[in-house]
Amino acid sequence: MFKKILIANRGEIACRVAATARRMAIRTVAVYSDADAHANHVRACDESVHLGGSAPKDSYLRWEKILEAAKATGAEAVHPGYGFLSENEEFAQACADAGLVFIGPPPSAIKAMGLKAESKQLMEKAGVPLVPGYHGHDQNPQLLQREADRIGYPVLIKASAGGGGKGMRAVDKAEDFAAALASCQREAINSFGDDAVLIEKYVQRPRHIEIQVFGDTHGNYVYLFERDCSVQRRHQKVLEEAPAPGMTEAMRKQMGEAAVAAARAVNYVGAGTVEFIVEQRETRAAPGRLKQASAPSGGSEDTSVPSVGADSVEMNFFFMEMNTRLQVEHPVTEAITGQDLVEWQLRVASGETLPAKQAELQIHGHAIEARICAENPDNNFLPATGTLRVYRKPQATAFQRSRVRIDDGVREGGEISPFYDSMIAKLIVHGSTRAEALARLDAALAQVQIVGVSTNVQFLRGILATESFSKANLDTALIERERAVLFDREPLGLPLAAAAAITRTLITEWPAKMPDPFARRDGWRSLGEYRRHFDFEFRGAEQTALLTYKRDGGLWLEAGGAEGPLVIGQFPSGEFEVEFAGTRQTLDVHVDGATAHVFASKGATKITAIDRLAHAGDTHAEGGRLTAPMPGKVVSFAVKAGDKVSRGQPLAVMEAMKMEHTIAAPADGTVDELMFAPGEQVAEGEELLRMSAAAA
Ligand code: ADP
Ligand code: MG
């Protein structure tokens, strides 16, 4: 086994690899950028080497620097994590040339799987089922159009070199094909430097089910079962679970063997994931058909929603691509198999045989992972940046200890910078059934408190509560389908939010220790009845709450259409107890400027105090300036100077944190000037273009 390895990555995955290395008594070397000088992954390792500037191209992608660091520190092997250099065959080769072990597959396997079109041709030969489509070299647009017509609409155009959900266009009808092709090629050349595309049938009600495979240098292969990653936004994974609801033993075996065949076809070594797209077709329940695996909703007898695994759904799987690295969602596989996949990677890379044979691997219970990201789901998932002013994680109580896992690479006070991806943490839970895992995940998410950066935590809880997710009625359109209940949710409501903010104010005004909750019935005020106005901004609207200090010392609150006694207290732990409008809640309130962030078991919200005096005379001189909501790159402008535009019309496209964002016109008007050229970098708050609003 290695004595020392270098981890060529950052964030949670670098911490994750370091944890296993430490357990195996392997020393670790971290590498870091300027932005990460004090990051957790640096602390998690025994030594560290500075690479350069914050942008990945100046640090985590500088492979000569990384190789030098390995040499200088005496590391014998390099773990690339995911992203960055993990799927770069030249880097894998350079490691070998420098006498270092690359903890991953051979360069030839990375290359073979690197291009979607080429890998599909290989898989076809290996007998792995493919989505009907065109994966040829000839890229003549007329030919591509004919192929699309032949395949039949809807089709999906994919950049062959694409990844991370980018470079894909769905086309519904022949007339739209040419325009979609051009736009896909444009994105492909910009993002991947290669405009080759392939065309596939757009699978209906698809599920994303992937198989974890492993190979060693002695020609052994196993599969560690499947993960269902159907819950996606922008073709990126949001929730992942294992096993896949409704999976039958027969189908699991078929998919597992197909994945092993795929790995074998490229002489794969180490951890890899074969992604399949699974078509679901409703069929009439045929008499005598075998009942499929256990009820997907964890024992519920409700059959009102057709769910996968019921008699009436047939599943067909097709190869999509192979990711030649450890996957973000590998912990769900670890949870159900009890194996440490990083340990497996290290053993295989050092020449050992696979730690287990196929027959020794088993599935125990059910695991779900939620990706907690810095983003705003209600604003088209716009990534967010900022300081983690508050970052509280679920408590690992004794009975939960092995059942709730958090993989992260940040800590309270740390920054979510625009340089890297927006994932803050992964929360992984395990339960004996899917229903139990789901309940545990919801309870764990309820304990996550983040202030300073917008996150998708409430959104994730919303997904768990949907009918589709709870009944395992999964497909990649789940979020779209449940749109009505997922977006612009308000889990707490104004009365409770106002009560919480007011409680926090009152308790701060009485710094003396509060005794037991609810004991404070007298002595509040001896001056007789007295009323006080609180003005708030809540969900974009101004609101007023009226608090009355009663003669008997009690409090009476009118807020958000509710009125009644307000009874408050504070626990020694700092949490508030608030009783108002018929509910009694234990709350955490964190104040950031004028905004109170309220966390309760049923959800979290924020409410901002308006100080009338401070705002008098305030001017919002934003006028016709349109600024970048975050640092990034200008991809394109949809307009030019002089164009008349109407409110909501797309003006420009920006790319930041691996996603594209459309900047829309805030009002009707005329574009005066574009301040940047496509391809240029912009800082947050920089003016992108200038427009004049039309006279009303
Ligand atoms: P990437 O390299 O960006 O991960 P993939 O080829 O793995 O690209 O596709 C990403 C996602 O796009 C899949 O998980 C699935 O949701 C969707 N998708 C891909 N191919 C198809 C298809 N043929 N039909 C329908 N949806 C698809
Ligand atoms: Mg993929």
Side-chain angles (χ1 to χ4, degrees), residues 82-83 86-88 110 112-124 128-135 147-148 150-172 180 184 187-188 190-192 194 196-212 226-241 244 255 259 262 272-281 315-329 369 371 381 421 423 468 474-481 655 658-660:
Y82 55 72
S86 61
E87 295 181 274
N88 183 322
I110 302 179
M113 290 297 185
L115 290 175
K116 290 185 204 284
E118 269 75 0
S119 69
K120 283 187 174 155
Q121 289 162 13
L122 260 176
M123 291 302 109
E124 201 156 29
V128 180
L130 294 185
V131 186
Y134 171 78
H135 330 109
E147 286 295 330
R150 177 185 63 78
I151 295 162
Y153 295 90
V155 299
L156 194 60
I157 312 175
K158 287 188 187 178
S160 185
K166 284 180 75 173
M168 284 195 273
R169 293 287 183 284
V171 188
D172 288 331
C184 182
E187 184 169 319
N190 282 334
S191 304
F192 313 110
D194 177 352
V197 300
L198 60 90
I199 303 168
E200 278 179 4
K201 176 151 196 58
Y202 195 90
V203 176
Q204 301 296 303
R205 277 192 66 203
R207 279 171 72 177
H208 173 121
I209 300 181
E210 58 186 33
I211 305 282
Q212 176 72 54
E226 77 279 3
R227 293 182 286 257
D228 191 311
C229 313
S230 301
V231 183
Q232 303 183 345
R233 54 130 175 70
R234 298 174 163 218
H235 298 298
Q236 289 176 337
K237 300 160 187 168
V238 176
L239 287 167
E240 299 107 339
E241 60 185 298
M255 289 182 78
T273 293
V274 182
E275 297 188 331
F276 293 98
I277 187 150
V278 175
E279 176 183 48
Q280 308 186 82
R281 269 204 245 164
M315 302 202 278
N316 299 307
F317 65 92
F318 306 102
F319 172 86
M320 203 159 37
E321 63 166 347
M322 181 167 187
N323 293 328
T324 55
R325 54 174 160 91
L326 190 67
Q327 200 94 333
V328 172
E329 59 275 19
E369 173 181 280
R371 298 192 189 196
F381 301 99
D421 85 10
M423 195 167 74
S468 297
L474 304 175
D475 62 74
T476 58
L478 188 146
I479 289 177
E480 254 327 294
R481 178 168 65 244
E655 185 192 304
K658 301 196 299 165
M659 288 209 210
E660 287 188 2

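Note: hydrogens, waters and symmetry copies are ignored here, and every other heavy atom, side chains too, is used. Both counts, for ligands and for their atoms, begin at 1 and track the order of listing.
- Nearest-heavy-atom check against atom 14 (O) of ligand 1 across His208, His235, Glu210 picks out His208.
- Distances from atom 15 (C) of ligand 1 to the heavy atoms of Gln204, Arg207, Glu279, Gln232 show the closest one on Gln232.
- Not a single N or O atom of Val131, backbone or side chain, sits closer than 3.5 Å to an N or O atom of ligand 1.
- Residue contacts with ligand 1 for Thr476 involve side-chain atoms from C-beta outward but no N, CA, C or O (heavy atoms, distance under 4.0 Å).
- Of the residues listed (Glu226, Arg205, Met255, Met320), the one engaging Val278 in a side-chain contact (heavy atoms from CB on, under 4.5 Å) is Met255, and it is the only one.
- Side-chain contact, Gln327 with Glu240: no donor N or O sits under 3.5 Å from an acceptor N or O.
- Glu147 pairs by the salt bridge (charged side-chain N to carboxylate O under 4.0 Å, His left out) definition with Arg150, not counting sequence neighbours.
- Residues passing the side chain to side chain contact (heavy atoms under 4.5 Å, CB included) test with Leu122 are Ala112, Val266, sequence neighbours excluded.
- At a 4.0 Å heavy-atom cut-off, ligand 1 touches Lys201 through the backbone alone.
- Proximity of Met123 to Met113: side-chain heavy atoms (C-beta onward) are separated by under 4.5 Å at one or more points.
- Put simply, part of Met168 is less than 4.0 Å from ligand 1, judged by heavy atoms.
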Q: Go through the steps to decide whether Arg169 and Glu187 satisfy the test salt bridge (Lys or Arg N to Asp or Glu O under 4.0 Å), and finish with yes or no.
A: CA-CA 10 Å; Arg169 293 287 183 284; Glu187 184 169 319; 2.9 Å; yes
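- Backbone and side-chain nitrogen or oxygen atoms of Tyr202 are examined, and none is located within less than 3.5 angstrom of a nitrogen or oxygen of ligand 1.
- Within the structure, ligand 1 lacks Gln236 among the residues with a heavy atom less than 4.0 angstrom away.
- Note on Glu87 versus Arg325: salt bridge recorded, some NZ/NE/NH1/NH2 to OD/OE distance being below 4.0 Å.
- Against a heavy-atom cut-off of under 4.0 Å, Glu321 is close to the following atoms of ligand 1: 1 (P), 2 (O), 4 (O), 5 (P), 7 (O), 8 (O).
- Ligand 1 places these atoms under 4.0 Å from at least one heavy atom of Ile277: 18 (N), 20 (N), 21 (C), 22 (C), 24 (N), 25 (C), 26 (N), 27 (C).
- Between the side chain of Gln204 and the main chain of Tyr202, a donor-acceptor pair closer than 3.5 Å is present.
- Near Glu275, meaning under 4.0 Å from one of its heavy atoms, ligand 1 places the atoms 7 (O).
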